[in-house]
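I have placed the structure first, in the form of structure tokens, so that the comments after it can refer back to it.
Basis for what follows: all heavy atoms, side chains included, without hydrogens, waters or symmetry-related copies. To find a chain, count down the sequence lines: A is the first, B the second, and so on, and within it residues start at 1.
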Protein chains: 2
Amino acid sequence: MTRFKLVVEYDGTGLVGWQRQDNGPSVQAFLEAAAGRLAGHPVEAVAAGRTDAGVHALGQVAHMDLAKELSADAVRDGLNFWLHDGGCFAVAVRSAETAPADFHARFSAVGRRYLYRILNRRAPPVLERDRVWWVPHPLDGEVMAGAAGLLVGRHDFSTFRAADCQAASPVKTLDEFAVTPAGDELRVSAYARSFLHHQVRNMVGSLKLVGEGRWSAADLAQALEARDRTKGGPTAPAGGLCLMEVAY
Amino acid sequence: MTRFKLVVEYDGTGLVGWQRQDNGPSVQAFLEAAAGRLAGHPVEAVAAGRTDAGVHALGQVAHMDLAKELSADAVRDGLNFWLHDGGCFAVAVRSAETAPADFHARFSAVGRRYLYRILNRRAPPVLERDRVWWVPHPLDGEVMAGAAGLLVGRHDFSTFRAADCQAASPVKTLDEFAVTPAGDELRVSAYARSFLHHQVRNMVGSLKLVGEGRWSAADLAQALEARDRTKGGPTAPAGGLCLMEVAY
């Protein structure tokens with residue numbers, strides 16, 4: 001068996017997320033089906049992060065073990081061939097490389113970067129539909145950028161944690177949480193060793209309240225301090241979120 | 001009647017192009033239907049450029065005359081409301097402003113900018129599917145950039161002119177034709193007062209031959225000189241092309 005590390009891109013629209021589920025198509029199921037066709041045996045794919053339904057990835061990382069002798073480039077091209085052959089146009093393998101047997105896409109990861117895109121204009125999104133959160137009323141990006149900095153650091157992020165989160169502890173270190181304007185978008189970049197379930201989307205949902213002037217930056221700091229999900233803002237929609245890269 | 005100038009964004013995938021046709025949905029038909037609902041009378045929409053099926057726009061410009069008294073912002077928001085109400089998610093009005101009665105979206109325009117995106121990587125496009133031309137084998141972007149410059153200037157562009165082109169003359173002045181790398185994309189920006197039918201896609205199709213090493217830059221110059229469509233390269237696919245802006 002050879003272990004391969006894959007960088008995977010997907011369009012989460014219409015998928016139930018990374019993880020195989022009974023109620024719809026998943027990235028994992030598509031990849032495992034393609035790998036089974038390529039290798040001729042059942043294959044399990046393990047990802048760095050189990051993204052939710054509707055969340056996209058440009059740089060998800062997964063690993064899988066293949067018994068067939070194949071070069072890394074042949075694995076990349078073969079998986080892409082069988083993905084298309086299986087009618088899947090929502091997932092592609094950007095790169096493949098051989099990895100040591102103890103490499104684990106999830107447990108070896110030391111950092112994850114997410115990008116959350118807010119489209120802040122009157123007109124609804126067209127070319128970026130399902131890729132952005134459309135907020136038609138004006139947001140104050142500078143105030144949001146300042147407030148975002150208050151969440152950076154080591155904190156108990158219970159306020160931004162989904163009820164079903166299975167992490168052992170709500171304490172995480174957020175290394176970066178930055179808001180940058182880009183045309184009529186506000187782009188929120190988040191980097192940490194790991195995140196709680198829904199953490200980025202919940203932080204963005206609260207940050208939007210700051211951008212609207214409904215919350216002050218101090219309100220955001222107080223919400224964090226409360227360590228109580230009911231004190232946080234709403235969860236931002238899945239479509240605006242993209243897993244950009246995983247560091248090892 | 002008040003004339004309005006609109007900046008229009010659309011996703012050309014699945015549309016027959018700007019112009020109303022019997023064989024499928026067009027941007028013009030969607031916009032005119034929405035305007036009819038808004039104004040309560042039949043409305044004609046006239047565009048700066050009649051883009052082909054599958055071609056996108058971030059900055060198409062159109063004009064229309066409305067009898068109803070409406071602010072420009074109400075026209076923008078009203079058109080977007082009726083577009084959505086009519087089941088159209090492929091077209092949005094980015095901005096509207098009142099224009100003089102002699103403003104004409106097509107005849108008043110003094111410049112058009114198009115962007116053509118080539119995705120040059122082994123993995124097929126996923127998040128940018130239908131927005132880029134996927135070329136899986138390596139292209140030499142620097143050589144393409146150098147060759148592109150040979151087409152800039154005032155020339156007889158018959159080699160890059162579609163058979164059905166209705167322009168009075170094949171002589172056009174190409175002000176800019178530049179290739180810029182952006183991640184795993186090559187972006188080709190073209191600016192001119194006006195273009196022949198298929199001119200950008202035909203120039204890009206030939207430029208790709210240069211990037212593959214199948215043509216030299218001199219071959220491209222010779223093709224231009226030949227003033228003969230049969231001496232040009234193939235037409236690049238519609239999905240990679242986007243009308244970015246129209247200048248007045």
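Options A/C242, A/A57, A/P124, A/G12 differ in how many heavy-atom pairs under 4.5 Å they form with chain B, and the most are formed by A/P124. Looking only at heavy-atom pairs under 4.5 Å with chain B, the residue among A/D73, A/D11, A/L127 that has the most is A/L127.
Other residues, nucleotides and ligands contribute only 12 or fewer heavy atoms inside 6.0 Å of the CD atom of A/E142.
For the residue pair B/H198/B/D52, the side-chain donor-acceptor check at 3.5 Å is satisfied.
With salt bridges taken as basic N to acidic carboxylate O contacts below 4.0 Å, none links B/R76 and B/E97. Here B/R121 pairs with A/E9 in a salt bridge; the nearest charged N to carboxylate O distance falls below 4.0 Å.
For B/R94, the parts sitting under 4.5 Å from any heavy atom of chain A are the backbone and the side chain alike.
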